[in-house]
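Data first, discussion second: the structure below is written as structure tokens.
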Number of protein chains: 2
Amino acid sequence: MRRNGLADTRPRRPTLETVAARAKVSRATVSRVVNGDAAVSPEVRESVLRAVKELGYVPNAAARSLATRRTDTVALVLSIPRQDDALTAAVVQYVTSVLEGAGKRIILMLADTSESHRRIAGHVEARLADGVVLLPTDGADPLAERLARTDAPLVLLGRPAINSLVPYVDADNAGGAAAATEHLLRQGRRRIGLICGPTHLVAVQDRMAGHRDALQRAGLLPHVSLADDTAGSGAAALARLLADERRLDAVLATSDHLAIGALRGAAEAGRRVPDDLAVVGFGDIEAAAYTTPALTTVRTSPTEQAMAVARLMLSRLEGRHTTPVVLPARLVTRSSA
Amino acid sequence: MRRNGLADTRPRRPTLETVAARAKVSRATVSRVVNGDAAVSPEVRESVLRAVKELGYVPNAAARSLATRRTDTVALVLSIPRQDDALTAAVVQYVTSVLEGAGKRIILMLADTSESHRRIAGHVEARLADGVVLLPTDGADPLAERLARTDAPLVLLGRPAINSLVPYVDADNAGGAAAATEHLLRQGRRRIGLICGPTHLVAVQDRMAGHRDALQRAGLLPHVSLADDTAGSGAAALARLLADERRLDAVLATSDHLAIGALRGAAEAGRRVPDDLAVVGFGDIEAAAYTTPALTTVRTSPTEQAMAVARLMLSRLEGRHTTPVVLPARLVTRSSA
DNA sequence: CTGTTAGCGCGTTCAC
DNA sequence: GTGAACGCGCTAACAG
């Protein structure tokens, strides 16, 4: 059948057989040479390699995959739209780079709709990939469990909502939020608000927990205001916090976008930052360095997470056992707190 | 052979033959049903579909590709590291989304080293992809020409350095720079400097040309200072411009990062922006909205470019003829000019 | 060390 | 409308 209207007029490329004929050996021998099998005499190998070069022979990936029942391919499943673009970009870059270096290929898939979830599972079952790297998806995410059942190696970015044996890489969200909170406490701040982003995200939940625990250790109670992940909702959330507690002297936001909104909200409410009100963000996006005052925030190293994901997948492909990786989150102190 | 230490203990998935046996028809009939061939009686089709569902049959992609000599796959070649991350992100998202919607798969490749160029060409020749989307690569870039010779449909992001028949998508870099320059001229600015990023990039060359032409139409001569694409080099470039021409009253930078550096340089030189010195950037990165003063800049719509690239590739895959697409660039006026 | 042979799973004529 | 048979290009087990 022909799905498009194009006649396949492309000249056929040389095959193993072509090369074998030229080098006057059998297909099997050519295959051995091409795949680096040691059991070939130097002279024969030499003449085969010459034939390969002269003909410009490149092995057909589909045929090889069919015969080996391997694909040498890893699926990278992105959830777009997302907020943490720097992390996504780093993963795309490093996972591809590391796995290409190991002779693997990357096939990209988007998990935006539930229909796409079905398709992704289907692709894995169609043996399009030997392994799957899954970036955080919104919601209760049955995709991870579904993929875990396909017996293809699976590595997650971000701690899964429900505990499982699937290895994952994550930033120390709780630790980072705790460090930020302790920084505020050391400054003598005692009425600290929390502006938190989409609460269905595990990362946000972890940041909330870290903040709450740090406050608790100091014998304080949290003041929480919910938001999504836009600057506008951050400003609104700050306004609500100020209405509840006029003497608020600090806020931690679970993302930089929210914190930037809080900076704006503080200006609108006539509070000086950091004198009247300290503001701390989370994520260290590029814009955080350019706000006035420059934003103090928690940095989570997208690059390190991306490389850890890549290494974890490589280990899994080689059949090694793996455990979760949690990378440190560090407070970057600028002017806002 | 076995390249990794893993025994393939995975249970075999059902094949066409399995389904055929279950539905009590021949393989050929199942194939017809699966591929939507009309010439099958409704009852038979129904029973085949039932067998497919019961067995959870998914066609093996490699086998199909081997038989059809098609891959239903498009290679997306990224050049990382790059500056224009928003554009890369948009392309990854939209190209994947649009092509997946058309039943294609995306294979991701990195063109960072010259060795990777070789590998990419090899992948295309190995019939891993039916088409290639190529993002701008650094330097004189023989990769585009090399790929053009593989007779696989090729679409470029960004005008190629040398003219060719390969379809491409680009922003109107020259037009955007001209618009920015004319905006400055309308403000009565007459001593306008240009801080320009890596000059080997075609996009930067086009922005320089647009600026020069607009000045020329006003009977003015350009003041050019070279930089890379960092804020630091932007600040240094501004310092050089001011040393050459103390009465400089405006600068256009070929990127927002350079413009942000120019803002800093202006502050260090004691010039007020925009009163003493107007500053205009290019690209409208997120941070541009958060600088003080907020940066006036040229926006080039990554989203539209990405969608245009996706549509162009789809057209090419369907054998239709295509022509380059150049998308408008619009000045976003904020406070810095 | 090398060649022969038998699949891998699917699409596609060509008869029926 | 349906089935039998061949080929896609490669790997792998087995002889020799």
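Lettering follows sequence order; numbering is per chain, from 1. Just so it is clear, the model here is predicted, and its values are computed rather than measured.
In this structure, the CD atom of A:E17 is 13 Å from the P atom of D:dT11, given to the nearest Å. Regarding A:L66, its CG atom lies at a distance of 4 Å from the C1' atom of C:dC8, rounded to whole Å. In this entry the distance linking CD of A:E46 with P of C:dC1 reads 16 Å, nearest Å. Atoms CZ (B:R70) and C1' (D:dC8) sit 13 Å apart, rounded to a whole Å. At whole-Å resolution of the value, CG in A:D37 and C1' in C:dT2 are 11 Å apart. Summarising the geometry, the separation between CG on B:L128 and C1' on D:dG9 is reported as 14 Å, rounded to the nearest angstrom. One can place CG of A:L55 at 14 Å from P of D:dG9, the figure rounded to the nearest angstrom.
A salt bridge links B:R22 with B:E54: the distance from a Lys NZ or Arg NE/NH1/NH2 to an Asp or Glu carboxylate oxygen falls below 4.0 Å. Using a cut-off of 4.0 Å between Lys/Arg side-chain N and Asp/Glu carboxylate O, A:R159 and A:D170 are scored as not salt-bridged. In summary, A:E100 and B:R119 engage in a salt bridge, as defined by a charged side-chain N under 4.0 Å from a carboxylate O.
Regarding contacts with the backbone of C:dT2, every side-chain N or O of A:T29 stays at 4.0 angstrom or more from both OP1 and OP2. The side chain of A:R69 places an N or O atom within less than 4.0 Å of a non-bridging phosphate oxygen (OP1 or OP2) of C:dG9. In terms of phosphate contacts, B:S26 brings a side-chain nitrogen or oxygen within less than 4.0 Å of OP1 or OP2 of D:dG3. Contact annotation: B:R64 reaches the phosphate of C:dG11 (side-chain N/O to OP1 or OP2, under 4.0 Å). Taking 4.0 angstrom as the limit, A:N60 places none of its side-chain polar atoms (N or O) nearer than this to OP1 or OP2 of D:dC8. Between C:dT2 and A:S41, a contact under 4.0 Å exists linking OP1 or OP2 to a side-chain N or O.
Both B:V44 and B:A67 sit near DNA chain D, but only B:V44 has its closest nucleotide nearer the 5' end. In this structure, B:A63 and B:V25 both approach DNA chain D, and ranking their closest nucleotides by distance from the 5' end singles out B:V25.
Under the 3.5 Å distance criterion, the side-chain polar atoms of A:R45 are left unmatched by any main-chain donor or acceptor of A:G36.
Side-chain polar atoms of B:R64 and B:N35 form a donor-acceptor pair below 3.5 angstrom.
Each of C:dA6, C:dC10, D:dA4 was ranked by its minimum atom distance to the side chain of A:R27; first place goes to C:dA6. When the nucleotides D:dT11, C:dG3, C:dC10 are ranked by their closest atom to the side chain of A:A28, C:dG3 comes out on top.
If you check every strand for non-hydrogen atoms under 4.0 Å, B:L16 touches sugar and phosphate atoms only. Within 4.0 Å of B:S31, counting heavy atoms only, lies at least one base atom of the nucleic acid.
With hydrogens and angles ignored, a donor-acceptor pair closer than 3.5 Å exists between the side chain of A:R32 and the base of C:dG3.
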